[in-house]
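Only one structure is covered here, and it is reproduced in the block below.
Per chain, numbering begins at 1; letters A, B, ... match sequence-line order.
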Number of protein chains: 2
Amino acid sequence: MAIPRAAKTLRRTRIQEEKEEQILEAALDVFSVSGFRGSTIDQIAEVAGMSKPNLLYYFRTKEAMHRALIDRVLYNWLEPLRAFDAEGDPEAEIRSYIRRKLEMARDFPRESRLFANEMLQGAPHVLDMLKGPLKELVDEKAAVIRTWIKSGKIARCDPYHLIFSIWSTTQHYADFDVQVRAVLGEEHSGDGRFEDAARFLEQLFIGGLRPDGSGA
Amino acid sequence: MAIPRAAKTLRRTRIQEEKEEQILEAALDVFSVSGFRGSTIDQIAEVAGMSKPNLLYYFRTKEAMHRALIDRVLYNWLEPLRAFDAEGDPEAEIRSYIRRKLEMARDFPRESRLFANEMLQGAPHVLDMLKGPLKELVDEKAAVIRTWIKSGKIARCDPYHLIFSIWSTTQHYADFDVQVRAVLGEEHSGDGRFEDAARFLEQLFIGGLRPDGSGA
DNA sequence: GGATAATTTGACCGATTGGTAAACATTACA
DNA sequence: TGTAATGTTTACCAATCGGTCAAATTATCC
């Protein structure tokens, strides 16, 4: 008889590691496209190449699978913002933040869509994280931006909306990929659009945040 | 006996107008949150306050409901971009485009989420529209922006990515509303955030697009 | 008011949903 | 190699899914 699944987390087998990995990979495929409600266990099982009961042996419910997936993906997703450094040069920091976020949109579009789906549905599974850890992290980085403003290194602006606009512009290339490609046309649907986007966004944010009295 | 439904479009009753309106309103509620796959006819029927077979009397399938909803919402959704005027002053045009898109995010968030859901799922129901009419419209407006660049009224930049970034930053306040509110906190979750966003985005885009040799 | 068309509903259908039970197969380890 | 724990599968369940049907109800128009 199998031990109760609650105990599974105590000692993890090689098989457990592999299968759970395999399942979460398939779950990411499915959840990121159809959202939680629109996805079915059967779909995920098929993508994962195993039977539904086998899948449910590792994750007792659809909820548990979704939660495990979000938990695993969340930490890496916030890494670029965490790397935002108070000590660095504002212009370089903003540039590199945009670059990193765009790279993630290019290399991990499913993760981006997973969160986008969750947001559209009102964030039923991550609302506490948004109000807690995420808000704290953003508050912290907003404070950094405010010191840059106070020292005159960048223009006066609302740091929260600055962060929102970097999020939205970069994630757009993952979440709305199909629209971007349709509008750009077949010939510009290679990865070159990410380089073009990076160039444009750097120009936009660096120019838009240049302190009043500087340069020109 | 009721006439075949194909004939319904020939002469429309008062009741038909009202009920179809009522159904599409409920469908917008449901589809915009859960997407096509994640929404059920029963849900929509309940929100609309009528029985499922009654609902299916007006729209034969879930697909038909979704298609009718998209068709109805699409025209208005593209109106701000259509209003983008070649004759106007670039700065004023961009300002007013941002304002209008933000107003739509505030006043029609469900419509925004309906499209966002559709995009995340790969636009199965609107791909032709994206590649056809939408692309043509954007091409046209991109040409307008290029004339502004050529005449030195705004900085050199990629007009497509400029449009993408206005779309993404403004729609963010509808699609990611729950995240925006969570990060800003309870106290900043009134409609004031749209005014703050407008101020920031105007500053960002006007500053970011200022031609090299001008001002400051 | 009566005929006729339009609308609404309850009962129902087969397919799919999330999930379970138990038999069966495999692995790890003494 | 035996055996207990782990892993997998087949068969199944009740609930929900999209959708149909025929009967009942309501509106329209002469």
Side-chain angles (χ1 to χ4, degrees), chain A residues 1-27 29-31 33-69 121 124-125, chain B residues 1-27 29-31 33-69 121 124-125:
Chain A
M1 177 185 51
I3 53 173
R5 268 169 281 220
K8 255 195 6 204
T9 43
L10 296 180
R11 300 186 211 148
R12 296 176 34 117
T13 327
R14 195 199 76 246
I15 294 183
Q16 273 176 32
E17 302 272 6
E18 288 175 7
K19 290 295 166 105
E20 286 177 11
E21 164 70 31
Q22 203 179 334
I23 291 168
L24 291 181
E25 172 70 19
D29 256 22
V30 175
F31 281 135
V33 169
S34 303
F36 182 75
R37 290 219 43 179
S39 303
T40 71
I41 301 182
D42 296 82
Q43 262 180 297
I44 297 169
E46 193 188 333
V47 173
M50 56 180 89
S51 68
K52 178 166 64 169
N54 194 8
L55 193 148
L56 286 164
Y57 173 75
Y58 292 100
F59 298 96
R60 273 191 300 218
T61 63
K62 193 167 97 165
E63 282 265 350
M65 261 174 51
H66 191 254
R67 188 163 38 246
L69 181 59
Q121 283 160 38
H125 304 100
Chain B
M1 178 185 49
I3 54 174
R5 268 170 280 221
K8 257 198 0 206
T9 42
L10 296 180
R11 300 186 209 148
R12 296 177 31 119
T13 325
R14 197 199 74 245
I15 293 183
Q16 272 176 32
E17 302 270 8
E18 289 174 6
K19 290 294 166 113
E20 286 176 12
E21 164 71 32
Q22 205 179 123
I23 291 168
L24 290 181
E25 171 70 19
D29 256 22
V30 175
F31 281 135
V33 170
S34 304
F36 182 76
R37 289 218 43 177
S39 303
T40 71
I41 301 182
D42 295 82
Q43 263 182 294
I44 297 169
E46 194 188 332
V47 173
M50 57 180 88
S51 68
K52 178 166 64 171
N54 194 9
L55 195 146
L56 286 164
Y57 172 74
Y58 292 101
F59 298 94
R60 273 191 298 217
T61 64
K62 193 167 97 165
E63 282 265 349
M65 262 174 49
H66 191 255
R67 188 163 38 244
L69 181 59
Q121 283 159 40
H125 305 100

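- OP1 and OP2 of C:dA6 both lie 4.0 Å or more from every side-chain N or O belonging to B:Q16.
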- 5' to 3', nucleotides 9-16 of chain C under a 4.0 Å protein heavy-atom cut-off (B base, S sugar-phosphate only, - none) gives BBB-----
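- Looking at residues two or more places apart in sequence or on another chain, you find no side-chain hydrogen bond (donor to acceptor under 3.5 Å, both in side chains) involving A:Q22.
- Remark: P of C:dT17 and CD of A:Q43 are 7 Å apart, rounded to the nearest angstrom.
- Contact detail for A:F59 and A:A68: the closest heavy-atom pair is CE2-CB, 3.6 Å.
- Atom CD of B:E46 is separated from atom P of D:dC17 by 11 Å (rounded to the nearest Å).
- Atom NZ in B:K62 sits about 16 Å away from atom P in D:dT16, given to the nearest Å.
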Identify every side-chain donor-acceptor pair in residues 39-50 of chain B under 3.5 Å, counting partners at least two apart or on other chains, and give the distances.
| unit_1 | atom_1 | unit_2 | atom_2 | d |
| --- | --- | --- | --- | --- |
| B:S39 | OG | B:V30 | O | 3.4 |
| B:S39 | OG | B:G35 | O | 2.5 |
| B:T40 | OG1 | B:Q43 | N | 3.0 |
| B:Q43 | OE1 | A:R37 | NH1 | 3.3 |
| B:Q43 | OE1 | B:T40 | N | 3.1 |

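- Phosphate contact (OP1/OP2 of C:dA6, side-chain N/O of B:Y58, threshold under 4.0 Å): absent.
- For B:E18 and C:dA6, the CD to C1' distance is 14 Å, given to the nearest whole Å.
- One can place CD of A:E20 at 13 Å from C1' of D:dT6, the figure rounded to the nearest angstrom.
- Closest heavy-atom contact between B:F36 and B:K62: O-NZ, 3.0 Å.
- Partner of A:Y58 under the side chain to side chain contact (heavy atoms under 4.5 Å, CB included) criterion, chosen from A:L55, A:L56, A:N54: A:N54.
- Spacing between atom CE of A:M65 and atom P of C:dT17 amounts to 13 Å, rounded to whole angstrom units.
- Using the six-membered ring where Trp is involved, A:H66 and A:F31 have ring planes that are perpendicular, over 60° apart on the 30 and 60° scheme.
- Rounding to whole angstrom units, CG of residue A:L56 and C1' of D:dC12 are separated by 14 Å.
- The NZ atom of A:K19 sits 12 Å away from the P atom of C:dT26 (whole-angstrom rounding).
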